[in-house]
Amino acid sequence: MKPLIKIENLTVGYDRIPVLENVNLEIFEKDFIGVIGPNGGGKTTLLKAILGLLKPTRGKITFREDIDNRKKPIGYLPQVRHIDKKFPITVYDVVRSGLLMERRNNLPAAALKTKIEQLLSETGILNIRNKAIGELSGGQMQRVFLCRALISNPKILILDEPDTFVDNRFEGELYSRLSRLNNDIAIILVSHDLGTISSYVKTIACVNGDLHYHRSHIITQEQLDGYNCPIQIISHGDIPHTILKHHH
Amino acid sequence: MNAIIELFSYDFFQKAFLAAVFASISCGIIGSYIVSRRIVFISGGITHASFGGIGLAFLAGFNPLLGAVLFAVLAALGIQFFTKVAEIREDSSIAIWWSLGMALGIIFIYLTPGYTPNLMSYLFGNILTVTISELWWMFILNTVIIAFFVLFFSKILFMAFDEEFARAAGLPVALFNYMIITLIALTVVLNIRVVGIILILSLLTIPQATANLYTNNFKKLLILSSGFAFIGTISGLFISYFLNIPSGAAIIFTLVTIFALLRFFQFLRK
């Protein structure tokens with residue numbers, strides 16, 4: 001099986017200062033990769049390189065032949081803290097903007113409207129479609145951006161900390177939704193919440209200046225020690241988890 | 001009422017009325033974009049830098065608006081260059097171009113032999129002295145702005161809201177940004193005659209703030225802002241004529257009064 005995305009010897013950063021060096025990773029169909037690592041370790045940088053927002057200094061990222069590179073089949077949910085919440089835009093328009101990812105979309109206007117409204121309805125936010133984003137709660141905001149990421153029917157879904165500013169109920173909903181979506185699409189998820197990650201993802205990528213890939217969702221102390229991957233641990237009582245002591 | 005009808009029979013007033021219509025549409029649309037993107041300060045820098053071009057035009061003896069366009073575009077590109085390439089903080093880059101343009105303007109005008117009669121009308125505007133050729137330029141600018149925003153409305157909205165997402169989707173974001181910054185420069189320069197360099201920021205922000213009291217929808221914001229700009233400019237124009245006070249100042253005073261009253265009514269209703 002050929003990978004959807006193949007990252008080879010990737011070095012990438014800002015203003016000639018590398019954040020990530022010599023990263024190798026293959027992303028296959030139905031993968032569910034949890035990306036963990038400390039702040040400033042390069043998690044978001046990795047996502048941006050995959051999305052084509054940052055040019056590699058060295059190495060390359062290639063997409064499988066059947067994936068039209070210009071019409072990227074990638075759904076992207078950025079960190080909401082970077083979104084201007086006072087911008088005059090409605091929920092409906094934010095979701096509609098997700099279709100930019102599907103550039104040669106020739107859907108007629110009516111079909112488009114039905115498609116957007118159906119997705120909003122599945123996500124339980126149809127009733128707020130005409131609200132400005134500034135009027136939403138953290139959970140509603142994340143739902144809107146999840147819809148924007150999904151509206152283009154992506155083959156790969158990239159989420160950058162979708163569990164910030166949200167309530168527990170949304171978090172549960174989000175992860176069970178991701179599990180269902182994972183039957184058809186590959187998911188790359190960045191999160192600080194190691195407990196949640198290890199109970200939903202299939203594999204783990206530990207990013208801290210470089211990348212170490214674990215073909216398992218169980219994080220052990222040895223792995224972390226060996227790979228010099230200091231991370232913050234949040235424990236949960238009601239889901240399977242591994243609690244680790246502080247390490248360097 | 002008769003006095004108003006009589007006013008419309010005057011040639012200078014007809015021109016001023018048309019200038020008010022054109023200024024309202026261009027500033028309403030471009031101002032909404034500026035406010036939404038939070039680039040009011042950049043626009044202020046571009047506006048004030050254009051004074052250098054006006055000074056140069058006086059000294060060298062060519063059309064002041066041409067000089068203003070030149071300096072406005074130069075400042076727009078200069079701010080981008082300082083920020084992105086020379087890695088100077090954006091607000092500092094803006095301040096440098098803002099004050100450099102003003103300083104050059106003052107030097108050029110000081111070096112210009114003789115008296116410079118129109119200087120005040122560039123600084124503070126005088127809608128009653130707008131010429132036919134300026135009106136034609138304003139008409140062309142309005143046509144370009146309306147066409148650009150109608151044709152690319154969704155793309156402009158999506159890019160303004162989340163530039164990174166638009167880039168990931170493969171939109172030519174840099175090209176769009178250059179086109180829009182050029183439109184901002186042209187809008188500023190061609191509306192200098194209406195309210196002047198020092199006061200133009202008001203037409204780009206106050207009607208938008210007023211419209212924002214009623215809508216959070218970008219499309220409605222464009223239309224409502226133009227509407228409020230029109231009400232403010234026309235009322236200001238009448239006040240200026242009947243009370244015999246400078247038109248630019250009268251227009252801004254009206255714009256602020258409308259905003260303050262409507263904001264106060266909104267406060268009372270809550």
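Proteins get letters first, then strands, A, B, ... in listed order; numbering begins at 1 in each.
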Quick check on [X]: does its [atom1] atom have over 12 non-hydrogen neighbours (other residues, nucleotides or ligands) under 6.0 Å away?
X      : atom1 : result
A:K113 : NZ    : no
B:Y214 : OH    : yes
B:F238 : CZ    : yes
A:Y14  : OH    : yes
B:F41  : CZ    : yes

* Determine the sole option in B:L221, B:L157, B:N216 for which the side chain to side chain contact (heavy atoms under 4.5 Å, CB included) test with A:I89 is passed. => B:L157
* To do: Count the heavy-atom pairs under 4.5 Å between each of A:N130, A:T90, A:D93 and chain B, then report the option with the highest count.
  => A:D93
* To do: For the residue pair A:V94 and B:F161, establish whether any side-chain heavy-atom pair is separated by less than 4.5 Å.
  => yes
* Side-chain contact test, heavy atoms from C-beta onward, threshold under 4.5 Å: evaluate it for A:Y76 versus B:E164 and give yes or no. => yes
* Using 4.0 Å as the upper bound for N to carboxylate O, is an ion pair formed by B:D162 and A:R148? -> yes
* **Region of A:Y92 in contact with chain B, defined by heavy-atom distances below 4.5 Å** => neither
* Check whether A:K48 gets within reach of chain B through its side chain, its backbone, both or neither, counting any heavy atom under 4.5 Å. => side chain
* To do: Show your working on side-chain contact (heavy atoms from CB on, under 4.5 Å) between A:R96 and B:F158 and close with a plain yes or no.
  => CA-CA 9 Å; A:R96 193 165 64 92; B:F158 300 157; 3.8 Å; yes
